[in-house]
A.B. asks: 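Input: one structure, supplied below.
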Amino acid sequence: MILTGLAPKSSHSVDLLTDLTDIDRKEELISALKEFMKSLERKIRRWHLISA
């Protein structure tokens with residue numbers, strides 16, 4: 001899966017045309033993906049220890 005257009009909120013420059021809700025949604029998506037990756041990493045480690 002490849003996601004483009006995701007950047008931390010701190011890297012955005014805000015002007016009158018900036019959609020702040022869009023930035024917030026992207027920030028939430030980044031956070032959810034990080035949590036998913038942490039969970040997946042823990043499961044892989046646990047599986048690796050069980051099968052070793």
A.B. asks: In terms of hydrophobic clustering (I, L, V, M, F, W, Y; side-chain heavy atoms under 4.5 Å; direct or indirect links), are Met37 and Leu29 co-clustered?
C.D. replies: no

A.B. asks: So, taking the atom named CG in Asp24 and the one named CG in Asp19, what distance separates them when rounded to the nearest 0.5 Å?
C.D. replies: 9.0 Å

A.B. asks: May I ask you to decide whether Glu35 forms a salt bridge with Lys38, counting only side-chain N to carboxylate O separations under 4.0 Å?
C.D. replies: yes

A.B. asks: Atom CG of Asp22 and atom CD of Glu27: how far apart are they, to the nearest 0.5 Å?
C.D. replies: 11.5 Å

A.B. asks: Does the side chain of Lys26 come within less than 4.5 Å of Ile23's, by heavy atoms?
C.D. replies: no

A.B. asks: Between CZ of Arg42 and CZ of Arg46, what distance do you get to the nearest 0.5 Å?
C.D. replies: 8.0 Å

A.B. asks: Among all residues two or more places apart in sequence or in another chain, which pass the side chain to side chain contact (heavy atoms under 4.5 Å, CB included) test with Lys34?
C.D. replies: Ile30

